[in-house]
Amino acid sequence: MNLLLAADPSRALIERYLASGTCFVASKEHEMVGVMVLDIIDAHTLEIKNISVEDSHQRQGIGTALLSHAEQECQRMGCNTLLIATGNSSIGQLALYQKCGFEMVRIERNFFLERYETPIFEDGIPCKHQVVLEKRIGEKNR
């Protein structure tokens with residue numbers, strides 16, 4: 001739960017998407033170092049609801065491997081769209097997702113202000129808006 005909370009500070013939201021989604025764990029030498037929750041949105045769309053890597057194991061390819069596994073699951077399930085969302089202040093995550101072929105498709109203004117009781121800040125930037133990215137699976141990304 002602590003690793004999930006590192007990516008999403010709302011225990012209630014985590015419990016909600018854990019109930020309907022599937023949790024995948026990345027381990028290294030029998031230690032859990034990453035986690036990802038996938039949830040089916042519709043017959044064509046799979047969403048990464050949460051993805052997190054232990055601070056001490058970041059920048060080692062674990063997040064990229066989890067994203068690659070999400071793509072494989074998407075294909076296995078016959079879906080063609082993989083979604084992921086993050087905050088406007090999540091600069092590192094936005095960079096990683098785009099490097100992995102995700103493209104921004106919309107911004108949900110004031111998402112975090114309206115759904116979270118406690119303000120969220122990352123690197124001194126207030127997290128206000130949700131940035132939604134998608135990757136089309138099985139298509140050549142341009």
Side-chain angles (χ1 to χ4, degrees), residues 1-28 31-142:
M1 182 59 78
N2 288 338
L3 202 47
L4 293 168
L5 286 166
D8 184 345
S10 172
R11 183 178 291 270
L13 287 177
I14 291 170
E15 289 174 357
R16 194 173 311 142
Y17 55 71
L18 276 176
S20 62
T22 304
C23 187
F24 296 87
V25 173
S27 62
K28 194 171 186 180
E31 176 188 358
M32 183 172 72
V33 296
V35 66
M36 174 178 66
V37 179
L38 300 179
D39 202 1
I40 298 169
I41 301 302
D42 59 39
H44 306 286
T45 309
L46 189 64
E47 183 175 1
I48 301 169
K49 292 292 208 173
N50 190 314
I51 184 169
S52 183
V53 174
E54 286 283 354
D55 288 344
S56 61
H57 288 84
Q58 290 186 4
R59 299 189 185 280
Q60 296 178 21
I62 297 165
T64 301
L66 285 168
L67 291 170
S68 178
H69 185 74
E71 287 182 47
Q72 293 168 11
E73 285 296 306
C74 196
Q75 286 180 321
R76 185 185 68 75
M77 298 172 76
C79 296
N80 61 9
T81 303
L82 184 59
L83 292 177
I84 193 164
T86 193
N88 63 282
S89 56
S90 301
I91 305 304
Q93 292 89 328
L94 286 166
L96 173 63
Y97 303 154
Q98 291 175 88
K99 286 177 186 176
C100 290
F102 287 83
E103 295 186 5
M104 292 181 201
V105 291
R106 70 179 178 276
I107 296 174
E108 296 184 23
R109 295 183 56 76
N110 298 318
F111 179 91
F112 294 96
L113 298 176
E114 294 169 356
R115 289 171 179 79
Y116 290 78
E117 292 180 18
T118 305
I120 301 169
F121 288 86
E122 294 175 286
D123 296 319
I125 303 169
C127 183
K128 298 178 183 179
H129 316 300
Q130 183 181 65
V131 180
V132 180
L133 301 95
E134 77 173 18
K135 184 170 185 177
R136 304 294 286 181
I137 304 302
E139 295 179 4
K140 295 271 186 196
N141 289 314
R142 301 179 246 184

field: For Glu108, the option from Glu114, Lys128, Gln130, His129 that meets side-chain contact (heavy atoms from CB on, under 4.5 Å)
entry: Gln130
Validation row: [X], [Y] side chains within 4.5 angstrom (heavy atoms):
{"X": "Tyr97", "Y": "Val131", "value": "no"}
{"X": "Ser89", "Y": "Asp123", "value": "no"}
{"X": "Ile14", "Y": "Met1", "value": "yes"}
{"X": "Phe102", "Y": "Leu96", "value": "no"}

Heavy atoms only: give me the nearest [X]-[Y] pair and the separation to one decimal.
{"X": "Glu54", "Y": "Met32", "value": "CG-O, 4.0 Å"}
{"X": "Pro126", "Y": "Asn88", "value": "O-ND2, 3.2 Å"}
{"X": "Ala26", "Y": "Leu66", "value": "CB-CD2, 4.1 Å"}
{"X": "Cys79", "Y": "Ile137", "value": "O-CB, 4.3 Å"}

At what distance, to the nearest 0.5 angstrom, does [atom1] of [X] lie from [atom2] of [Y]?
{"X": "Ile120", "Y": "Phe112", "atom1": "CD1", "atom2": "CZ", "answer": "6.0 Å"}
{"X": "Leu67", "Y": "Ile62", "atom1": "CG", "atom2": "CD1", "answer": "12.0 Å"}
{"X": "Leu82", "Y": "Met77", "atom1": "CG", "atom2": "CE", "answer": "11.0 Å"}

query: Has the side chain of Glu73 got a donor or acceptor atom that lies under 3.5 Å from a matching backbone atom of His69?
result: no
- request: Please say which of Gln98, Glu103, Glu71 ends up in a side-chain hydrogen bond (donor to acceptor under 3.5 Å, both in side chains) with Lys135.
  value: Glu71
For residues 37-53, tabulate all N or O donor-acceptor pairs below 3.5 Å that involve a side-chain atom, not counting sequence neighbours.
residue: Asp39; atom: OD2; partner: Ser20; partner atom: OG; Å: 2.8
residue: Asp42; atom: OD1; partner: His44; partner atom: N; Å: 2.8
residue: Asp42; atom: OD1; partner: Thr45; partner atom: N; Å: 2.9
residue: Asp42; atom: OD1; partner: Thr45; partner atom: OG1; Å: 3.0
residue: Glu47; atom: OE1; partner: Lys49; partner atom: NZ; Å: 3.4
residue: Asn50; atom: ND2; partner: Leu4; partner atom: O; Å: 3.0
residue: Asn50; atom: ND2; partner: Tyr17; partner atom: OH; Å: 2.8
residue: Ser52; atom: OG; partner: Leu3; partner atom: O; Å: 3.0

